[in-house]
2 protein chains.
Amino acid sequence: MPQHLIDKLERFTRLSDEDRQVLKALARKVRLIEAGVDIIQEGDRPETVNLFLDGWACRYKQLEDGRRQIVAFFVPGDLCDIHIYVLREMDHAIAAITPVRLATVPREILLDTMDRHPRITRALWWESLVNAAIQREWTVNIGRRTALERLAHLFCELFLRLRAVGLAEGSTCPFPLTQLELADATGLTNVHVNRTLKEMRNAGLILLKSRQLTVPDLAALQKAALFNPNYLHLEREGAHLSANA
Amino acid sequence: MPQHLIDKLERFTRLSDEDRQVLKALARKVRLIEAGVDIIQEGDRPETVNLFLDGWACRYKQLEDGRRQIVAFFVPGDLCDIHIYVLREMDHAIAAITPVRLATVPREILLDTMDRHPRITRALWWESLVNAAIQREWTVNIGRRTALERLAHLFCELFLRLRAVGLAEGSTCPFPLTQLELADATGLTNVHVNRTLKEMRNAGLILLKSRQLTVPDLAALQKAALFNPNYLHLEREGAHLSANA
DNA sequence: CGTTATATTGATTTAACTCAATTAAAGTGG
DNA sequence: CCACTTTAATTGAGTTAAATCAATATAACG
């Protein structure tokens with residue numbers, strides 16, 4: 001049940017019952033992947049579109065000499081590039097961070113769905129434009145923010161994304177990333193991430209333990225990060241398309 | 001005449017004469033923009049898709065305190081996100097670096113074109129997936145490469161992109177970026193860019209003067225950058241769709 | 001309960017930044 | 001075409017944020 005995707009798309013526009021049924025039908029073929037395993041490897045030929053149902057994953061690229069950069073996180077409700085099969089081969093890999101449950105959507109099914117359901121189509125474009133905006137924001141984050149700002153920014157983003165798919169409770173959300181993964185996502189080293197997290201805890205910006213993140217004061221964290229949520233486009237921007245409005 | 005776009009799309013798949021005519025028809029409404037001027041500002045409501053015909057531009061984001069990050073360069077033949085109008089407002093700005101000539105393509109025309117011409121549609125998806133791949137590669141570049149590697153990588157990328165649209169002659173291509181713009185694109189300072197360029201010149205990796213870049217030994221530059229061109233997907237990946245094949 | 005992965009801390013180094021000045025180049029109006 | 005102004009490039013000196021290297025400590029796991 002791609003409830004998280006449905007929740008997310010409803011941050012863009014209200015869906016009809018039929019829309020929701022159609023989205024549910026996308027998640028027919030489910031795959032389970034263990035933590036730490038590559039879901040797709042560089043060089044693979046993409047055949048289907050992945051829809052993440054449960055668990056966390058990441059896109060990453062690795063340089064010849066081993067340096068690794070995580071370029072995106074996938075959380076429940078996220079969808080890989082909907083036209084990925086146009087490319088001959090993957091230029092990067094996707095790995096499961098936790099155990100992952102995902103639906104593999106055959107391209108024909110997705111294309112057919114988009115042919116028939118313009119509101120869903122629009123919502124999926126929105127999803128993919130938001131992902132592009134996130135990728136740009138990561139470029140800014142790594143290029144122009146300090147270590148503390150980078151981590152604070154990432155926490156803000158993930159907290160809001162998780163909240164948008166119904167996975168935050170109050171000021172707490174699941175957060176299964178290790179410090180090494182945080183380092184690889186922010187362009188820092190694990191040692192420096194450790195020191196910066198300590199500083200953030202001391203400043204009362206975050207609580208982080210047993211794979212849970214608590215943000216006691218979101219406004220304060222946003223301020224520390226120079227975080228502007230506009231790039232997530234979560235403000236019902238497609239309200240004019242809403243079903244049952 | 002969007003010849004550069006046509007050249008680029010033909011790096012993906014061969015087009016028919018009709019395809020080319022259709023693409024030419026996209027460039028009906030042309031706008032001229034002076035160097036240094038914003039083409040789109042943060043907060044603007046995107047109404048049309050921009051197709052760059054001549055000149056260079058950049059996407060950038062600016063933090064409240066003035067820090068600026070360029071997140072992408074546009075060169076002739078580049079197209080803004082083809083579904084940008086789905087979003088309510090721009091979360092970043094686009095500025096002309098040199099004088100720019102661009103076509104503004106109304107969404108209806110673009111959608112209609114895509115409805116009728118599946119080969120063009122595929123080629124446009126390819127274009128947009130390549131742009132996403134470039135954005136990811138920039139994240140890697142800034143996150144995990146040294147200053148020299150970052151600049152070398154950017155030079156490799158832009159050289160290949162310009163060559164793909166017919167704008168390189170031998171080992172030389174136009175290169176109108178200032179050192180400040182290079183700094184804002186690579187997450188460095190202008191001073192450090194200056195020193196790093198000096199080092200690259202001394203190493204014989206590049207010649208850079210009067211807004212022209214010469215790469216005497218592309219393989220050497222690629223090696224210095226840990227550059228893998230696979231993310232540009234320039235190897236006729238859509239050969240199976242080719243017209244007149 | 002031992003083993004492996006993850007987190008933490010200290011000491012030291014370094015790549016890149018900052019601040020400040022100078023030089024060179026590009027544009028502008030008389 | 002030349003003075004003038006502005007923008008861009010260059011260089012030096014000193015600083016710093018983050019990296020590196022190395023060791024423990026703690027937590028998770030089979």
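Here is the naming used below: chain letters follow the sequence lines, and residue numbers restart at 1 for every chain.
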*pair A/Leu87-A/Asp81: side-chain heavy atoms closer than 4.5 Å*: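 Side chain of A/Leu87 against side chain of A/Asp81, heavy atoms only: no contact under 4.5 Å found.
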_Do A/Pro2 and A/Leu26 make a side-chain contact, defined as non-hydrogen atoms from C-beta onward lying under 4.5 Å apart?_
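Heavy-atom side-chain distance check fails, nothing below 4.5 Å.
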Is there any protein nitrogen or oxygen under 3.5 Å from a nitrogen or oxygen in nucleotides 22-25 of chain C, and what are the pairs?
none

*Can you check whether A/Tyr231 and A/Trp138 have ring centres sitting under 6.0 Å from each other?*
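Distance test on ring centres: not under 6.0 Å, no.
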*Report yes if the distance between the aromatic ring centroids of B/His153 and B/Phe159 is under 6.0 Å, otherwise no.*
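No - the distance between ring centres of B/His153 and B/Phe159 does not fall below the 6.0 Å cut-off.
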*Please check if the side chain of A/Thr48 supplies one atom and the backbone of A/Val105 the other of a donor-acceptor pair under 3.5 Å.*
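A pair under 3.5 Å: no.
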_Atom-pair distance (CE on A/Met200; P on C/dA7), nearest Å_ =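 Taking atom P of C/dA7 as the reference, CE of A/Met200 is at 15 Å.
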*B/Asp44 and B/Gln41: side-chain donor and acceptor closer than 3.5 Å?*
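Judged by distance alone, the side chains do not pair up.
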*Under 4.0 Å between a Lys/Arg side-chain N and an Asp/Glu carboxylate O for A/Glu235 and B/Arg88?*
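Judged by the 4.0 Å cut-off on N to carboxylate O distance, A/Glu235 and B/Arg88 do not form a salt bridge.
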*Salt-bridge test for A/Glu199 and A/Arg195: reply yes if a basic N is under 4.0 Å from a carboxylate O, no otherwise.*
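Answer for the salt bridge query: no.
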*Does anything in residues 59-73 of chain B reach DNA chain D, meaning a heavy atom under 4.0 Å, and if so which residues?*
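Going residue by residue through residues 59-73 of chain B, none turns out to have a heavy atom under 4.0 Å of DNA chain D.
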*Please name the residue in the list B/Gln62, B/Arg67, B/Arg68, B/Gln179 that meets the side-chain hydrogen bond (donor to acceptor under 3.5 Å, both in side chains) test with B/Asp184.*
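For B/Asp184, the side-chain hydrogen bond (donor to acceptor under 3.5 Å, both in side chains) check succeeds only for B/Arg68.
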*asked:* Applying ring pair (Phe, Tyr, Trp, His ring centres under 6.0 Å) to A/Phe175 and A/Phe155, what does each step give before you reach the verdict?
replied: CA-CA 9 Å; A/Phe175 204 87; A/Phe155 291 144; 5.2 Å; yes
*With the sugar-phosphate defined as primed atoms, P, OP1 and OP2, and the base as all remaining atoms, what B/S/- string results for nucleotides 8-19 of chain D, 5' to 3', for protein heavy atoms under 4.0 Å?*
SSBBBB----BS
